[in-house]
Student: 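Below is a structure I'd like to ask you about.
All chains are named by letter (A, B, ...) in the order of the sequence lines, taking the proteins before the strands, and each is independently numbered beginning at 1.
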Amino acid sequence: METIKSEYLDYFENYVARHPELTAEDAAIMADPWDVNEDMLLGYVLSLLI
Amino acid sequence: MSDAKRLLDERLIRIEKAVNLEKPDRIPIFALNGPEVAIDYCGRHLKSATWDLEIVRECLPIYYQDMKVDAAAAAFLRCPGMYTAIGSQNFVPNKDGFMQHPEVCGMLASEYKELIKDPFKTLVDKVLPRQYKAFDQPGGLGGLNLAKGALSYMHNSRILREIDAHCSATVGIPIISDNMIEAPFDFLADQLRSFMGISVDMHRCPELVEQACEALFPLLLRWGVTSYTGPPKKIPAIFMPLHMPSFLNPKQFERFYWPTFSRLVNSLTGMGYTVALFIEGNWSKLYDYLGSLNPNVVGIFEYGEMKTIKEKVGKTMCIMGNYPIEALKSHSTEQCIDIAKKMIAEGAPGGGYIFTTGKSILRGKGLDLEKLQAVHQYVIDHGKY
């Protein structure tokens with residue numbers, strides 16, 4: 001499924017931008033931006049607007 | 001096995017066969033209503049119930065059992081505790097606790113490009129603070145209020161899911177539609193641009209409207225999947241109320257609504273979900289579009305000729321709805337039954353049909369629910385295949 005590109009949801013991309021010391025190996029471990037909390041956050045925000 | 005478990009299993013098989021366009025043992029009956037009518041039916045006060053969900057837990061099973069229904073939707077109740085705490089502009093309680101949805105505009109026309117670039121960020125930064133004034137507070141207070149709303153939302157959602165399970169366990173009612181999502185165009189129209197705003201935008205900036213629907217599509221698809229409990233199943237279906245099409249002309253529908261709506265429905269059914277569409281208003285000019293959706297769709301029709309609906313979409317879509325609830329107010333019991341008789345004769349042949357009302361029954365006041373009981377008893381007695 002498509003991921004959602006958002007400054008407020010792509011946790012790893014935003015985190016790594018502030019932490020240049022992270023390696024490619026770290027990225028492989030941490031790269032999934034869709035942990036359960038982000039899905040819950042998405043559901044909460046959308047539910048307020050439906 | 002308890003009576004409730006036996007009933008639950010029987011009803012699930014009945015519903016699944018209808019959704020699969022097969023003939024069940026008899027026509028299933030679906031309760032198209034929120035908890036509000038059950039609270040009225042049991043003589044309880046709605047305002048108290050919206051603040052104390054234990055009252056809903058007490059009333060819903062009684063209503064389902066007395067109305068002799070086979071299935072229901074997940075309990076959905078807007079709780080004023082959450083909406084008032086976060087300063088809601090888009091959902092406000094009236095004097096007796098029923099939540100009203102005024103016409104609201106959460107996004108300016110000049111903000112389309114921001115929405116297209118990063119829809120989630122724009123919803124959080126621009127739309128939420130306009131629709132929920134408590135989020136627009138200085139310092140950490142806005143964030144604290146956002147968290148307060150989230151905690152309340154999760155708390156209420158958990159209790160409502162427990163009430164659904166309680167209805168299944170005590171009176172054998174399966175929940176056949178689960179989470180609710182919207183078509184991208186409806187999401188854009190309802191609370192971002194408003195009914196009036198989107199009507200102007202389709203003329204002034206049509207390309208931006210198309211691009212906004214495309215930008216919102218991944219969020220709504222993701223939400224449909226991630227808010228569903230467990231892996232994809234036929235039952236419960238993902239519920240999608242369709243708001244704007246009956247206000248669009250066919251050209252507008254084809255250009256703005258259909259592309260992302262049909263892709264959303266076909267994506268979900270392709271993954272193994274069933275999608276239940278609440279087809280609001282008169283779609284008689286649009287039946288061919290509905291008939292071209294992939295299978296595994298249930299259509300709950302508000303209006304229309306049942307015979308035409310069956311001919312146009314019945315080969316791929318399980319049909320529900322269409323019973324006029326106005327009849328329960330103004331017609332005799334015999335006349336109410338006659339309407340059901342005609343509807344069954346046109347909708348039921350060959351299977352793929354579930355009996356229910358064309359509109360969600362919101363409140364008990366003014367409706368004679370004894371007539372609805374009589375109509376449902378007629379369907380039970382005469383709806384055998």
Student: Return all side-chain donor-acceptor pairs below 3.5 angstrom for residues 151-162 of chain B, not counting sequence neighbours, or 'none' if the list is empty.
Tutor:
| from | atom 1 | to | atom 2 | distance (Å) |
| --- | --- | --- | --- | --- |
| His155(B) | ND1 | Arg158(B) | NH2 | 3.4 |
| Asn156(B) | ND2 | Ser152(B) | O | 3.3 |
| Ser157(B) | OG | Tyr153(B) | O | 2.7 |
| Arg158(B) | NH1 | Glu162(B) | OE2 | 2.9 |
| Arg161(B) | NE | Asp164(B) | OD2 | 3.0 |
| Arg161(B) | NH2 | Ala75(B) | O | 2.8 |
| Arg161(B) | NH2 | Asp164(B) | OD2 | 2.9 |

Student: Got a sec: does the CZ of Phe76(B) have more than 12 other heavy atoms crowding it under 6.0 Å?
Tutor: yes
Student: Provide the full list of ring pair (Phe, Tyr, Trp, His ring centres under 6.0 Å) pairs with a residue in residues 125-144 of chain B, sequence neighbours left out, each pair given once.
Tutor: Tyr132(B)-Phe135(B)
Student: Could you walk me through whether Val124(B) and Glu7(A) pass the side-chain contact (heavy atoms from CB on, under 4.5 Å) check?
Tutor: CA-CA 11 Å; Val124(B) 173; Glu7(A) 192 181 315; over 6 Å; no
Student: Is it the side chain or the backbone of Leu219(B) that comes within 4.5 Å of chain A heavy atoms, both, or neither?
Tutor: both
Student: For chain A, which residues from residues 107-121 of chain B lie under 4.5 Å away (heavy-atom distances)?
Tutor: Asp118(B), Phe120(B), Lys121(B)
Student: Looking at Ser88(B), Ala150(B), Gly149(B), Ser227(B), which one has more heavy-atom pairs under 4.5 Å with chain A than the rest?
Tutor: Ala150(B)
Student: Rounded to the nearest 0.5 Å, what's the gap from CE on Met180(B) to CG on Leu46(A)? Could you check?
Tutor: 11.5 Å
Student: Does any heavy atom of chain A fall under 4.5 Å from the side chain of Asn90(B), the backbone, both, or neither of them?
Tutor: side chain
Student: Could you list the residues that satisfy side-chain contact (heavy atoms from CB on, under 4.5 Å) with Leu144(B), not counting sequence neighbours?
Tutor: Leu141(B)
Student: For Gln131(B) and Leu48(A): C-alpha separation, side-chain torsions, deciding distance, then whether side-chain contact (heavy atoms from CB on, under 4.5 Å) applies.
Tutor: CA-CA 9 Å; Gln131(B) 303 292 25; Leu48(A) 291 173; over 6 Å; no
Student: Considering only heavy atoms, which portion of Val104(B) lies under 4.5 Å from any heavy atom of chain A: side chain, backbone, both, or neither?
Tutor: neither
Student: To the nearest 0.5 Å, how far apart are CG in Leu123(B) and OH in Tyr8(A)?
Tutor: 11.5 Å
Student: Rounded to the nearest 0.5 Å, what separation is found between the CG atom of Leu188(B) and the CG atom of Leu49(A)?
Tutor: 11.5 Å
Student: Is Leu146(B) close to chain A through its backbone or its side chain, or both, or neither, when contacts mean heavy atoms under 4.5 Å?
Tutor: both
